[in-house]
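Here's the structure, in structure tokens; my notes come after.
These figures come from a predicted structure and were not determined experimentally.
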2 protein chains.
Amino acid sequence: MHYTRDNMAGLLRSHDINPTHQRIEIAHALFSRQEHLSADQVMAVVNTRHSETSKATVYNTLKLFLEKGLVREVIVDPSKVFFDPNTSPHHHLYEVDSGKLSDIDAEHVVISGLPPLPAGMVTEGIDLIVRVRRTR
Amino acid sequence: MHYTRDNMAGLLRSHDINPTHQRIEIAHALFSRQEHLSADQVMAVVNTRHSETSKATVYNTLKLFLEKGLVREVIVDPSKVFFDPNTSPHHHLYEVDSGKLSDIDAEHVVISGLPPLPAGMVTEGIDLIVRVRRTR
DNA sequence: TCCGGATATTAGACAAAGTCCAGATCGACG
DNA sequence: CGTCGATCTGGACTTTGTCTAATATCCGGA
Ligand SMILES: [Mn+2]
Ligand SMILES: [Mn+2]
Ligand SMILES: [Zn+2]
Ligand SMILES: [Zn+2]
């Protein structure tokens, strides 16, 4: 599956997002790469040729994508949030030295023995992060 | 077990940390409460009566505690790091609305089916965070 | 006790991520 | 075209955390 700019409008609409030029560019940055990008990185990608999209719009748009369930947030680095175009259930491998973040398919991972939730609470998600370091 | 200021000096020494007045106060803030505190919260606790410890010292000290394995870092809120006096293996329950963070004993939790690590990598830790929300 | 070096603390400048707002711009529709 | 709600924007602002150079404290030896 190839994510072209033309695809993006439909993808956005299917998530109830009005496809503007900026939103298409930002979605394209995330989905064509299928990588975890910080707001700063999205900003850089979108403004490579010449400045096109403001910082405010990048942040507003990423938050909108998040609310609409188009992307997911990964909180793994204390200094910045990563945005993840992969919203299917999966976990993360984080290389602490390089900051490299990669996906772990959730299909074969089983988490069992969790205690029952406190009353009146519902699970919003389970984040599993494997922090690894280079041997030396 | 009661964590008094007097205990703190021994605890710090046992972790190869020179027990100064400020370090004792900061350790006491964390260990007497047995709660997850942000740097800001530590700062507030330590300086309740009158200003005693600078921001730089709070941050320096928490980083030192971290390096020496006296406390653990919990990265769960995109805006601030929490410091955890509980270093035994355990997981976390995060209430996203209130920001309340509580421990899940690791004893009965089993995580299986994780793929093998890439070569030359060693696990530094596995963080499991259950994000919950109030039903409404 | 006094001294000197090592260790620790400090104020405040600085940096980076993220938020906010009031005004400008866009674009769909008549 | 012209209107108007939706969107975008520069830039000020906030918050978390880092850095540095000066000061203070601690401690072992003379
Ligand atoms: Mn473009
Ligand atoms: Mn005190
Ligand atoms: Zn991912
Ligand atoms: Zn904990």
Just how far, in rounded Å, is [atom2] of [N] from [atom1] of [X]?
X: B/Gln41; N: D/dT15; atom1: CD; atom2: P; answer: 15 Å
X: B/Glu73; N: D/dT16; atom1: CD; atom2: C1'; answer: 13 Å
X: B/Leu62; N: C/dT9; atom1: CG; atom2: C1'; answer: 15 Å
X: B/Phe82; N: D/dT16; atom1: CZ; atom2: P; answer: 10 Å
X: B/Met43; N: C/dT9; atom1: CE; atom2: P; answer: 13 Å
X: A/Ile24; N: C/dC26; atom1: CD1; atom2: P; answer: 16 Å
X: A/His21; N: C/dT25; atom1: NE2; atom2: P; answer: 17 Å
X: A/Glu25; N: C/dC26; atom1: CD; atom2: P; answer: 16 Å

Which heavy atom in A/Ala9 sits nearest to a heavy atom in A/Ile24, and how many Å separate them?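 That closest heavy-atom pairing would be CB-CD1, 4.3 Å.
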So which protein nitrogen or oxygen atoms get under 3.5 Å of nucleotides 2-4 of chain D's nitrogens or oxygens?
none

Would you tabulate the pairs of protein nitrogen or oxygen atoms and nucleotide nitrogen or oxygen atoms of nucleotides 3-8 of chain C closer than 3.5 angstrom?
| residue | atom | partner | partner atom | Å |
| --- | --- | --- | --- | --- |
| C/dA8 | OP1 | B/Arg23 | NH1 | 3.0 |

Can A/His92 and A/Asp103 be said to form a side-chain hydrogen bond (donor to acceptor under 3.5 Å, both in side chains), step by step? CA-CA 5 Å; A/His92 290 100; A/Asp103 284 349; 3.2 Å; yes
Please list, for nucleotides 18-22 of chain C, all pairs of protein and nucleotide N/O atoms separated by less than 3.5 Å.
| residue | atom | partner | partner atom | Å |
| --- | --- | --- | --- | --- |
| C/dG18 | OP1 | A/Val81 | N | 3.2 |
| C/dG18 | OP2 | A/Tyr59 | OH | 3.1 |
| C/dG18 | N7 | A/Lys55 | NZ | 3.4 |
| C/dG18 | O6 | A/Lys55 | NZ | 2.8 |
| C/dT19 | O4 | A/Lys55 | NZ | 3.4 |

Quick one: does B/Arg131's side chain have a donor or acceptor within less than 3.5 Å of a partner on A/Asp127's backbone?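 Answer holds: no.
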Using only atom types and a distance under 3.5 Å, with no angle test, would you say the side chain of A/Arg5 pairs donor to acceptor with the backbone of A/His28? no
Of all residues at least two apart in sequence or in a different chain, which pass the side chain to side chain donor-acceptor pair (under 3.5 Å) check with [X]?
X: B/Gln22; answer: none
X: A/Thr57; answer: A/Ser54
X: B/Arg33; answer: none

Strictly below 4.0 Å: does B/Thr57 bring a side-chain N or O up to OP1 or OP2 of C/dT9?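 Answer is no, no contact under 4.0 Å.
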Note the angle between the end axes of the helix from C/dT1-D/dA30 to C/dG30-D/dC1, five pairs defining each, rounded to 10 degrees. 0°
Who are the salt bridge (Lys or Arg N to Asp or Glu O under 4.0 Å) partners of A/Glu67, not counting sequence neighbours?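 Not a single residue meets the salt bridge (Lys or Arg N to Asp or Glu O under 4.0 Å) criterion with A/Glu67.
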Residues 108-123 of chain B vs side chain to side chain donor-acceptor pair (under 3.5 Å), sequence neighbours excluded, gives none
Give me the one residue out of B/Arg72, B/Gln34, B/His36 that meets side chain to side chain donor-acceptor pair (under 3.5 Å) with B/Asp84.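 Output: one option passes, namely B/His36.
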Exactly one of A/Leu62, A/Asp16, A/Thr61, A/Leu12 should register a side chain to side chain contact (heavy atoms under 4.5 Å, CB included) with A/Leu70. Which one does?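 Result: among A/Leu62, A/Asp16, A/Thr61, A/Leu12, A/Leu12 is the only option passing the side chain to side chain contact (heavy atoms under 4.5 Å, CB included) with A/Leu70.
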With sequence neighbours excluded, residues passing ring-ring contact (aromatic ring centres under 6.0 Å, His included) with A/Tyr3: A/Phe31
Other than B/Met121, which residues form its hydrophobic cluster under the rule that side-chain heavy atoms must be closer than 4.5 Å? A/Leu93, A/Ile104, A/Val109, A/Ile111, A/Leu114, A/Leu117, A/Met121, A/Ile126, A/Leu128, A/Val130, A/Val132, B/Leu93, B/Ile104, B/Val109, B/Ile111, B/Leu114, B/Leu117, B/Ile126, B/Leu128, B/Val130, B/Val132
Salt bridge (charged side-chain N to carboxylate O under 4.0 Å, His left out) contacts in which one or both residues fall within residues 85-94 of chain A, not counting sequence neighbours: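 Of all non-adjacent pairs touching residues 85-94 of chain A, none passes salt bridge (charged side-chain N to carboxylate O under 4.0 Å, His left out).
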